[in-house]
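As structure tokens, the structure follows; a few thoughts come after it.
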Number of protein chains: 2
Amino acid sequence: MAAGVDVETIRYYEKAGLLPSPARRANGYRDYGGKHLERLAFIRHCRALDLPLAKISRLLELLSQPAAACDDVDRLVESQLERVRIRIRSLRALEKQLSALRSRCAGPQTAAACGILHELVTAAHRESVAHAGEDRAAAAPVTRGGRRKVQA
Amino acid sequence: MAAGVDVETIRYYEKAGLLPSPARRANGYRDYGGKHLERLAFIRHCRALDLPLAKISRLLELLSQPAAACDDVDRLVESQLERVRIRIRSLRALEKQLSALRSRCAGPQTAAACGILHELVTAAHRESVAHAGEDRAAAAPVTRGGRRKVQA
DNA sequence: GTTGACATTGAAGCGGCTACAGGGTTCCAA
DNA sequence: TTGGAACCCTGTAGCCGCTTCAATGTCAAC
Ligand SMILES: [Zn+2]
Ligand SMILES: [Zn+2]
Ligand SMILES: [Zn+2]
Ligand SMILES: [Zn+2]
């Protein structure tokens with residue numbers, strides 16, 4: 001029975017402590033049992049939900065502690081959902097920008113005449129001016145904290 | 001004038017060949033000129049569009065070759081747009097799954113009784129059975145190609 | 001007996017930063 | 001004057017979740 005998962009990925013999980021080391025055959029080959037495959041399937045399903053391995057690890061832990069409270073599980077799903085929603089919003093904004101950008105050049109042109117390149121350059125320029133303004137505004141009240149930026 | 005960009009990031013771009021090494025002052029400090037800052041702003045704007053550095057590199061190259069054709073630029077934006085749309089679709093599917101999942105557990109429970117954990121386990125199980133089926137079906141026609149999977 | 005497809009290990013690479021260690025410099029206030 | 005905060009430098013390692021590679025071992029088929 002094939003698990004449908006790349007071998008290297010499985011060994012990565014093993015190293016990462018998500019899967020217990022399986023028994024070995026006489027020749028040293030790994031011998032996966034039903035338990036391993038169930039656990040692996042669980043991990044892959046959670047990964048398909050884009051949960052990071054650390055959180056999956058926590059879920060596995062709770063699976064083996066039936067009496068524990070499930071608050072962590074619920075919060076984890078909730079926060080993942082929130083993450084996904086935020087990501088969708090930002091990707092939608094991106095989509096808008098990109099499709100506007102695309103419409104700036106119709107067909108074959110030289111780089112010099114390409115509306116896309118042009119727009120990228122001028123938008124970047126606008127932003128850099130805006131940033132400089134922000135920084136001037138922020139400079140007076142706050143002298144400490146924040147990461148270092150570059151000087152020119 | 002601050003560029004609004006983390007210093008380490010800038011030096012990373014320098015190492016990666018996206019920004020030319022700036023002139024140095026007597027004390028060895030980097031001295032950024034207007035050209036550098038424009039270029040940096042361009043890079044940051046493109047990164048905000050989630051373009052990978054390699055593609056940005058290509059755009060910068062074309063910026064310095066005004067007579068070149070802009071096909072690459074147009075294709076690049078198009079393919080990025082496509083990428084973003086695909087990502088949005090898959091994230092929306094994810095959102096659905098996660099919000100269905102969330103509704104499986106209302107309030108404080110033990111891990112054993114948590115509908116979320118339950119659903120994760122059974123969904124994973126269903127899928128692993130399905131995968132096994134796929135693999136059985138695929139085993140006959142194709143013997144070569146494909147990456148190795150795990151045996152149990 | 002030789003080929004070829006499997007398995008094993010450990011290490012390195014991907015992208016795009018981010019964080020640190022271990023120094024030097026600059027500036028301002030007490 | 002001195003001391004400390006806040007910047008700069010170089011170089012290296014870490015993050016995530018794999019993926020790829022190199023070198024070697026094992027097994028079945030022809
Ligand atoms: Zn799944
Ligand atoms: Zn164009
Ligand atoms: Zn921008
Ligand atoms: Zn619950």
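Proteins come first, then strands; the chains are lettered A, B, ... in the order of their sequence lines, and each starts at number 1.
Checking the phosphate oxygens (OP1, OP2) of C:dT8, no side-chain nitrogen or oxygen of A:R25 falls inside 4.0 Å. In this model, the phosphate group of C:dG24 is not approached by any side-chain N or O of B:N27 to a distance below 4.0 Å at OP1 or OP2. Between C:dT8 and A:R30, a contact under 4.0 Å exists linking OP1 or OP2 to a side-chain N or O.
A salt bridge links A:R30 with A:E14; the closest basic N to acidic carboxylate O contact falls under 4.0 Å. Using a cutoff of 4.0 Å between basic side-chain nitrogens and carboxylate oxygens, B:E61 and B:R58 are scored as salt-bridged. Between B:E119 and B:R126, at least one side-chain nitrogen of the basic residue sits less than 4.0 Å from a carboxylate oxygen of the acidic one, meeting the salt-bridge criterion. Ion pairing between a basic and an acidic side chain is recognised when a charged N comes within 4.0 Å of a carboxylate O; B:E82 and B:R75 show no such pairing.
Going from atom CD1 of B:I10 over to atom P of C:dA19 covers 15 Å, rounded to whole Å. Between B:E14 atom CD and D:dC8 atom C1' there is a gap of 13 Å when expressed in whole angstrom units. If you take CG of A:L51 and P of D:dC18, they are 12 Å apart, rounded to a whole angstrom. Regarding A:D31, its CG atom lies at a distance of 13 Å from the P atom of D:dC27, rounded to whole Å. At whole-Å resolution of the value, CG in B:D6 and P in D:dC8 are 10 Å apart. Regarding B:L40, its CG atom lies at a distance of 11 Å from the P atom of C:dC17, rounded to whole Å. The distance between atom CG of B:L19 and atom P of C:dC17, rounded to the nearest whole Å, is 12 Å.
Closest to the side chain of B:E8, out of C:dT8, D:dT20, C:dC20, is C:dC20. Side-chain proximity of B:R44 to the nucleotides D:dT26, D:dC18, C:dC17 is greatest for C:dC17. Side-chain atoms of B:Y12 lie closest to C:dC17 of the nucleotides C:dC17, C:dC6, D:dT19. Checking D:dC18, C:dT18, C:dT25 against every side-chain atom of B:T9, the shortest atom distance belongs to C:dT18. For A:L53, counting side-chain heavy atoms from C-beta on, the closest listed nucleotide (D:dT19, D:dC9, D:dC18) is D:dC18. The listed nucleotides are C:dG16, C:dG24, C:dT8; the one nearest the side chain of A:V7 is C:dT8. Of the candidate nucleotides D:dT12, C:dT18, C:dT8, D:dT12 has the atom nearest to the side chain of B:K15.
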Checklist entry - Run the side chain to side chain contact (heavy atoms under 4.5 Å, CB included) check on B:L59 and B:C46 step by step: do they pass? => result CA-CA 9 Å; B:L59 290 178; B:C46 291; 4.1 Å; yes
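Donor-acceptor pairing under 3.5 Å, judged by distance alone, is present between the side chain of A:Y29 and the base of D:dG25.
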